[in-house]
Amino acid sequence: KAEIQEHAKKDGISSSEWINSAIVEKMNGGHSLDIKDLAAYARSAGMTEEEYIKSAVMEKMQRQDEEYQEEITRESYNE
């Protein structure tokens with residue numbers, strides 16, 4: 001929970017918004033999509049909705065961590 005809150009704060013949104021965006025990104029590559037389709041996407045991935053959500057959150061946290069690390073690396077090169 002604390003990690004999600006930290007990532008959401010970096011994006012300037014609430015934890016709920018951050019989780020929803022992680023799910024949408026996983027379901028449709030970040031394009032607008034109705035969250036009501038979550039059950040169908042989870043089934044197609046062979047997961048429960050809870051497993052799908054956890055997977056989406058973990059993937060988004062990993063992407064953000066990689067992006068922030070790249071940003072830090074770029075800034076250190078510019079100094």
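Counting begins at 1 with the first residue of the sequence.
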Next on the checklist: Please say yes or no: joined through hydrophobic side-chain contacts below 4.5 Å, possibly via intermediate residues, are Met58 and Tyr41 part of one cluster?
Outcome noted: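 Met58 clusters together with Tyr41.
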task = Please report the shortest heavy-atom distance between Glu49 and Leu38, naming the atom on each side.
result =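 Of all heavy-atom pairs spanning Glu49 and Leu38, the closest is OE1-CD2, 3.8 Å.
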For [X], side-chain hydrogen bond (donor to acceptor under 3.5 Å, both in side chains) partners two or more places apart:
X	result
Gln69	none
Arg43	none
Lys54	Glu50

Can you list, pair by pair, the side-chain donor-acceptor contacts under 3.5 Å of residues 12-19, counting residues two or more places apart and other chains?
unit_1	atom_1	unit_2	atom_2	d
Ser14	OG	Glu17	N	3.1
Ser14	OG	Glu17	OE1	3.2
Glu17	OE1	Ser14	N	2.9
Trp18	NE1	Asp11	OD2	3.4
Trp18	NE1	Gln64	OE1	3.2

Checklist line | salt bridge (Lys or Arg N to Asp or Glu O under 4.0 Å) against Glu59, all qualifying residues, sequence neighbours excluded | finding: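 Partners of Glu59 under the salt bridge (Lys or Arg N to Asp or Glu O under 4.0 Å) test: Lys26.
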Residues in salt bridge (Lys or Arg N to Asp or Glu O under 4.0 Å) contact with Glu6, at least two apart in sequence or another chain:
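In terms of salt bridge (Lys or Arg N to Asp or Glu O under 4.0 Å), with neighbours along the sequence ignored, Glu6 is linked to Lys10.
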**Asked** So do the side chains of Met61 and Glu3 get within less than 4.5 Å of each other, counting heavy atoms only?
**Response**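 Of all side-chain heavy-atom pairs linking Glu3 with Met61, at least one is under 4.5 Å.
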With sequence neighbours excluded, what pairs up with Met47 under the side-chain contact (heavy atoms from CB on, under 4.5 Å) test?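 Met47: side-chain contact (heavy atoms from CB on, under 4.5 Å) contacts with Ala45, Glu51, Tyr52, Ser55.
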